[in-house]
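Take a look at the structure below.
Sequence positions, counted from 1, serve as the residue numbers for this chain.
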Amino acid sequence: MLTRPAALPRDTRDTLFLLAVIGWVILPQVGHLPLWCSGLAAGVLAWRGWLALNSRPLPSSRWLIGLLIVTVGATLATHHTLLGRDAGVTLIVVLLTLKTLELRARRDAFVIFFLGFFTMLTNFFFSQSLLTAAAMLVALLGLLTALVNAHMPVGKPPLARAARIAGQMALLGAPIMLALFLLFPRLAPLWGIPADGLTGRSGLSASMQVGNIASLALDDAIAMRIRFEGPVPPQRDLYFRGPVLSVFDGREWRSRAPLAISRFAPASGRPADLQVLGAPVKYQVTLQPTNRPWVFVLDAAAQPPELPGYVLHMTPDLLWIANRPITDVVRYRAVSHVDFREGAPRGDAGVRDDVELPAGFNPRTLALAATIRSDPRYARADAATLVNLVLERLRTGGYTYTLEPGVYGRDSADEFWFDRKAGFCEHIASAFVVLMRALGVPARIVTGYQGGDFNRVDGLLEVRQSDAHAWAEVWMTGRGWVRVDPTGAVAPGRIGTLARLQAPSDFVTSAIGSVSPALAQDLRALWDAANNRWDQWVLNYTQSRQFNLLRHLGFDSPSWEDLSYVLLGLIVLASLGGAAWTLWERRQHDPWLRQLERARARLRAAGLDLAPSAPPRQMADAMRLHFGAAGAAAADWLLRLEAQRYAPHPRATVATLRREFKQLHWPR
């Protein structure tokens, strides 16, 4: 039979509450902790709760030492070090959970509280999202509630009372937190973002291995948000350029251009062979952390994006890269042209390497190319004619776009063209480029993002990891590199305005969507807009925005010194405000009681020590009894003090009695 929490002994109730808070603190880390660590934490917390419910003794120190040695060894075996972010978080979780097994005194509880606060902060090593912040706010209130409750040693105070006090403490600390957030120097984070886990999920990587992934899971996470300043290009033109892959070894495509630059490399403008045409498209991008130096722009941007704090450089493949990885949310402005030419002045001699294929791979694709070239109609056909021929084969040959093509073998292009005839964009783009190269046409793969959905709440284009895409560029004499998206020939909806692939929804979203699809879309748009506000106003609060705040405060050329002066001024004002509040609070105490306490102190100095609960009349009788006529004046004053409090119409005020008190002669 379950026992209500209110009926449990206080020690048991408080222990179970603390264990629940610790579990909440650790829960968001489960996906980043080793499996054995998550299992150990759950087991130890459950064991400690069972001991508390059944009033069993805690394990001996030998058990704890043994567990600690085993877990340290497991940490070393898992991470190959005891230092660094991942190993450090694993150890702090282990220490926090093991410490609950020696929770005997208040001192042990205080150690657990502060270990819990530190563990709570480690959640932000892996994610700084709005959801993580909300979860950690709940954890903060829980730990504060447990801390306040531990300072209430008498009786069995309700947890609701401790929670109210904890909430008041958090509200009182909120202005200080806000001031420090606005004015404390913006430093690069001491942590990184999660290691690249895009293999097997939609997204971008520095290279592309063809055929190793049996199925592709659509990642619904936001990659970037774009606000256009003016007309929005049509969906078919929304190509955001990433790494260009032109070196193929049979299984993996890699970039020929370096994808990182020196910290001190100068920014560069457009290459000599980039010609932009038509009206420019101006927009602002909010890019989520990628741990990569790539700066995504709408294809193509002739000038560097305006990204404060970074040095940008354009590779020969039109990819803008920064001098260091993007490890936090950044916002930048860019100007692009969806109509452009690249490489035409270079001539055919500059692209000879882009027809190379590794020997011994894809023999049937090479034979297909030889057959096409042996046809008199295509023996001397130009690149445009051959591209149309291959696209027509994709459209009419029974090829399909699927997220579950299975694992491809050694000759991935052969399997796509002749066996499976199914794949996602990387299979289609790779097979297309291999065939074009076999036909003698220079071709390469471009990765990036294509398309996106407009949020109806804030009007921003949301580009998700599920919008990651691979397409091709083909060299055409006199025109340069021309974009060709072979996936569009297989699945036009993937790049057009038709239905796009959607990531699977969670249980709650699916349940709401089954009842009201429109409500589910509205809730998702509202949540995405809230996340965007969080990214813009919290995660993207940079040094430049701090200085902009100082400009609004009247500083012409703000600097670190000005920031320090403003912060110091706020600290002084807060200190003066605290002192004024203390004086005001002191004055709010009952002045009548202060006068009574002063009279009691005078009697105590005269050798008459009365009970603290003695009323003024009892004090007056005691003075007449012990001091006779010498205490008559003071006794009369005490009676008037009593009348001031309890008489229907008192004749004297407290201020008057205070002045008389100073003039009285008290016996000694």
Side-chain angles (χ1 to χ4, degrees), residues 1-30 40-59 61 64 89 92-124 131-178 180 578 581-582 585 588:
M1 181 176 178
L2 295 176
T3 305
R4 292 186 300 109
L8 294 172
R10 180 178 176 184
D11 287 346
T12 301
R13 183 203 67 177
D14 293 353
T15 299
L16 293 178
F17 177 75
L18 181 57
L19 294 176
V21 173
I22 292 173
W24 180 263
V25 170
I26 297 175
L27 184 61
Q29 308 243 37
V30 170
L40 174 72
V44 168
L45 293 179
W47 183 22
R48 184 62 180 88
W50 180 82
L51 294 176
L53 280 172
N54 295 277
S55 301
R56 297 296 184 91
L58 298 180
S61 58
L64 294 177
V89 171
I92 197 66
V93 170
V94 167
L95 292 175
L96 175 61
T97 53
L98 292 183
K99 185 62 181 177
T100 62
L101 294 177
E102 56 177 13
L103 179 57
R104 294 181 174 88
R106 289 179 65 195
R107 184 179 66 85
D108 298 322
F110 291 152
V111 173
I112 291 177
F113 295 149
F114 294 110
L115 276 175
F117 284 123
F118 188 82
T119 306
M120 182 186 72
L121 291 176
T122 62
N123 281 276
F124 295 106
L131 190 60
T132 300
M136 290 306 101
L137 178 60
V138 175
L140 173 66
L141 294 175
L143 287 172
L144 284 177
T145 299
L147 182 60
V148 170
N149 185 65
H151 283 85
M152 297 178 174
V154 179
K156 189 179 178 182
L159 288 174
R161 180 184 172 193
R164 284 195 300 270
I165 298 175
Q168 293 170 359
M169 293 171 58
L171 289 176
L172 290 173
I176 299 175
M177 177 201 70
L178 180 61
L180 291 175
W581 181 81
T582 302
E585 185 186 38
Q588 298 309 303

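In this structure, Trp24 places its CH2 atom where only 12 or fewer heavy-atom neighbours from other residues, nucleotides or ligands lie under 6.0 Å away. Arg161 CZ: 12 or fewer foreign heavy atoms inside a 6.0 Å radius. By the neighbour-count criterion of 12 heavy atoms within 6.0 Å, atom CZ of Phe110 is densely surrounded, having more than that number from other residues, nucleotides or ligands. Taking a 6.0 Å sphere around CG of Asp108, one finds it holds more than 12 heavy atoms contributed by other residues, nucleotides or ligands. Within a 6.0 Å sphere centred on CG of Leu121, other residues, nucleotides and ligands contribute more than 12 heavy atoms.
Here the closest heavy-atom approach between residue Leu58 and residue Leu51 is recorded as CD2-CD1, 4.0 Å. Of all heavy-atom pairs spanning Arg13 and Pro158, the tightest one is NH1-CA, 4.0 Å. Considering every non-hydrogen atom in both Val93 and Ala41, the closest pair reads CG1-CB, 4.3 Å.
Interatomic distance, Leu16 CG to Asp14 CG, rounded to the nearest 0.5 Å: 9.0 Å. Between atom OG1 of residue Thr12 and atom CZ of residue Phe17 there is a gap of 15.0 Å, rounded to the nearest 0.5 Å. To the nearest 0.5 Å, atoms CD1 (Ile22) and CG (Leu143) are separated by 7.5 Å. Note: Ile112 CD1 to Leu95 CG = 11.5 Å, rounded to the nearest 0.5 Å. Distance CG/Leu18 to CG/Leu103: 6.5 Å, rounded to 0.5 Å. Note that the CZ atom of Phe124 and the CE atom of Met136 stand 6.5 Å from one another [nearest 0.5 Å].
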Legend entry - Derivation of the side chain to side chain contact (heavy atoms under 4.5 Å, CB included) call for Leu98 and Val94: CA-CA 6 Å; Leu98 292 183; Val94 167; 3.7 Å; yes
Inset, instruction - Check step by step if side chain to side chain contact (heavy atoms under 4.5 Å, CB included) holds for Leu64 and Lys99. - result: CA-CA 9 Å; Leu64 294 177; Lys99 185 62 181 177; over 6 Å; no
Inset, instruction - Walk me through it: do Phe118 and Leu96 pass the test side chain to side chain contact (heavy atoms under 4.5 Å, CB included)? - result: CA-CA 10 Å; Phe118 188 82; Leu96 175 61; over 6 Å; no
Please tabulate, one pair per line, all N/O donor-acceptor pairs under 3.5 Å involving side-chain atoms of residues 163-170, not counting sequence neighbours.
none

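Arg10 has its side chain within reach of Pro157: a pair of non-hydrogen atoms, C-beta onward, lies under 4.5 Å apart.
Side chain of Arg48 to main chain of Thr100: a donor-acceptor pair is present (N/O by atom type, distance under 3.5 Å, no hydrogens or angles). Listed for the Asn123 side chain is a donor-acceptor partner under 3.5 Å among the backbone atoms of Val25.
Residues passing the side-chain hydrogen bond (donor to acceptor under 3.5 Å, both in side chains) test with Thr122 are Gln29, sequence neighbours excluded.
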